[in-house]
Amino acid sequence: ADEMARLSPFCDRVTWVARFQRHELPQLLANHDFGLFTSIEEGWGISLNEMLESGMTVFATEIGGVPMLRKHFPRQLRAFPPRTSELADEPDDPGANGYFDIWSWPRIAAEYEAQVELALSARRR
């Protein structure tokens, strides 16, 4: 009830999805205008990135990865709880703003490999 009161500007438009299967995510993104990411624990999840990458406006708590993602999505990533029903006028361009230079699977894998190599070479010394 408290959450619904905080989301009152959106109550006629909010669909609560408590759980979903991974294969359902593309259809969820296609069927919605905006996303809510309300984590108070870890504050990250691949669905957060995918919501942003799809062009969706996302209202998110300021925790975990949100501060790191904010610089790449200044229009789309908004504070939670929402204070307005206004969506981003146009999506941010993650290809042009350096997002994929940091947050792509090949880049993340390369970073992990570099860390492993560094640890192994330190161990050999």
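From L120, atom CG reaches atom CZ of R125 across 11.5 Å, with rounding to the nearest 0.5 Å. A distance of 11.5 Å separates CG in L29 from CD in E24, rounded to the nearest 0.5 Å. Taking CG of L48 as the reference point, atom CD of E53 lies at 9.5 Å (rounded to 0.5 Å). Distance check: K71 NZ to L77 CG gives 13.0 Å after rounding to the nearest 0.5 Å. The CD atom of E90 lies 9.5 Å from the CD atom of Q76; values are rounded to the nearest 0.5 Å.
Here the closest heavy-atom approach between residue R70 and residue R78 is recorded as NH1-N, 4.2 Å. Minimum heavy-atom separation, P94 to F73: CB-CZ, 3.9 Å. Nearest heavy atoms, T61 versus F80: N-CB, 3.6 Å. Pairing each heavy atom of V66 with each of A60, the nearest pair is CG2-CB, 3.9 Å. Considering all non-hydrogen atoms of both residues, R75 and D92 come closest at N-OD2, 3.1 Å. Minimum interatomic distance between M56 and H32 (heavy atoms only, all atoms of both residues): CE-O, 3.4 Å.
Looking at E50 and L25, their side chains come closer than 4.5 Å, going by heavy atoms from C-beta outward. With contacts defined as side-chain heavy-atom distances shorter than 4.5 Å, the pair M68/I102 does not qualify.
Side chain to side chain, Y99 and D93 fail the donor-acceptor criterion of an N or O pair below 3.5 Å.
Listed by chain and residue number, E111 satisfy the side-chain hydrogen bond (donor to acceptor under 3.5 Å, both in side chains) test with Q115 (two or more places apart in sequence, or in another chain). Residues forming a side-chain hydrogen bond (donor to acceptor under 3.5 Å, both in side chains) with R107 (at least two apart in sequence, or on another chain): none. Listed by chain and residue number, nothing satisfies the salt bridge (charged side-chain N to carboxylate O under 4.0 Å, His left out) test with R124 (two or more places apart in sequence, or in another chain).
In the hydrophobic clustering of ILVMFWY residues, with side-chain heavy atoms under 4.5 Å counting as a link, L118 and I108 come out apart. Residue V116 is not grouped with residue W105 when hydrophobic side chains (ILVMFWY) are merged at heavy-atom distances under 4.5 angstrom, including chains of intermediate members.
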